[in-house]
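Here's the structure we're looking at; comments come further down.
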Amino acid sequence: MASDPFNYPNGSSSSFILVGVPTLETFPIYLGILFCSAYIIALVGNGVVLLVIGLDKSLRDPIHCFLGMLAVIDVVMVTSIIPKMLSIFWLNSTEIGYVACFVQMFLVHSATSEESGVLLAMAFDRYIAICHPLRYQRILNHQTIAQIGLAIMVRALLFIVPLAGMVTKLPYCRSLVVPHSYCEHMAVVKLACADPRPIRFYCVSMSSLIVGMDMAFIAVSYGMILKVVLGKKSCWKAFRTCGCHICVMMLYYIPGIVSIYAQQFGSSISVRAQVLLADLYLILPAMLNPIIYSMRTKQIHQAVLKILFSRKVCA
């Protein structure tokens, strides 16, 4: 017999149960070590980027501002899911409160939208720097950067606030066991005793719109960059830079697109594969972004070496 439907915004309270990674519950220690290692790498890498940008006043140009934004978003993204995942794997603390679940959902989905926006802003920055170098400082001044950052946040809120409103208003009358490692919106919505199709349609359409638009503009930006540098002495350097950026973007967008559509239409894809893909989508970019975008940036690399060398001298 199904339990009575509940709708917590109307006053009652309860919790969801997170499974972790379905069918891999017998390997909690190894999964915990894997995700803990990823978390440490992401925190250290992004922390170093933020520290260096904060300490070195010469790193105040637009690209480093965008790298700082990216680092903050990555820290928020992994911190919103991995600590709870570790408590599931190591402490068997599978329960997550109703409010905490939807706060986690809000942070995850707003961060993914913001990350896509920052990647687009970085592609635009490279386009202006290479194709219109004489106008670079005039176009990308501090006011423009602030406006871009604000636009990225507003776009994310316009996407996630309606989604959060729809999800929290659903009555839940089925099992409260979420077959996921975090409160992924569709995994939670499937527990509702109301029709989830409006939310499913909203998620697919808005995610496709945001990701599709961003990928299209990024592709156009890098295409115009390559068109400008072909045949010039800086061609190989531009190819290396653009190639690294495009690889990281593919690692971000491809798992994201597959994860979105697998959740909606991938009935033939195992739940375990869907969960691991969703985890990969959130964690892998946070690990790789500091290495590919920041540590390969000459100014940040030199600033890190300068800070380390100055500390050795002081010691």
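This structure is a prediction, so every number in the text was calculated from the model and none was measured.
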Give me the ring orientation class for H109 and H185: parallel if the planes are under 30° apart, tilted from 30 to 60°, perpendicular past 60°.
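Because their plane-to-plane angle is over 60°, the rings of H109 and H185 count as perpendicular.
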Does the plane of the ring in Y182 sit parallel, tilted or perpendicular to the ring in H180? Use 30° and 60° as the thresholds.
perpendicular
Would the distance check show the side chain of [X] and the main-chain N or O of [Y] forming a donor-acceptor pair, the cut-off being under 3.5 Å?
| X | Y | result |
| --- | --- | --- |
| D125 | A121 | no |
| R60 | D56 | yes |
| Y127 | I218 | no |
| E95 | I17 | no |
| N46 | A286 | yes |
| Y252 | T112 | yes |
| S110 | L107 | yes |
| K84 | T94 | no |
| E114 | I152 | no |

Would you indicate whether the side-chain heavy atoms of [Y] and [X] approach each other to under 4.5 Å?
| X | Y | result |
| --- | --- | --- |
| F102 | C183 | no |
| V177 | L191 | no |
| Y39 | T79 | yes |
| K190 | P196 | no |
| I96 | V178 | no |
| I81 | E184 | no |

Testing the basics here: between [X] and [Y], what is the closest heavy-atom pair and its distance to 0.1 Å?
| X | Y | result |
| --- | --- | --- |
| P255 | M250 | CD-O, 3.5 Å |
| V275 | P22 | CG2-CD, 3.8 Å |
| S181 | L18 | O-CD1, 4.0 Å |

Count I, L, V, M, F, W, Y as connected when their side-chain heavy atoms are under 4.5 Å apart, and connections chain through other members. Are [X] and [Y] then in the same cluster?
| X | Y | answer |
| --- | --- | --- |
| L34 | V78 | no |
| V75 | M153 | no |
| V154 | I145 | no |
| M122 | M213 | yes |
| I40 | M77 | yes |

Can a donor-acceptor pair be found between the side chains of D61 and Q137 at a distance below 3.5 Å?
no
Any donor-acceptor pair under 3.5 Å linking the side-chain atoms of T168 with those of Y98?
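No, because no side-chain N or O of Y98 sits under 3.5 Å from a partner of the opposite role on T168.
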Once side chain to side chain donor-acceptor pair (under 3.5 Å) is applied, do any residues pair with N92, and if so which ones, sequence neighbours excluded?
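For N92 there are no side chain to side chain donor-acceptor pair (under 3.5 Å) partners, ignoring immediate neighbours.
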Ion pair D195/R200, N-O distance below 4.0 Å
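Salt bridge absent between D195 and R200.
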How about F16 and Y172: are their ring centres within less than 6.0 Å of each other?
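F16 vs Y172: aromatic centres under 6.0 Å.
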Close aromatic pair by centroid cut-off 6.0 Å: F66 and H64:
no
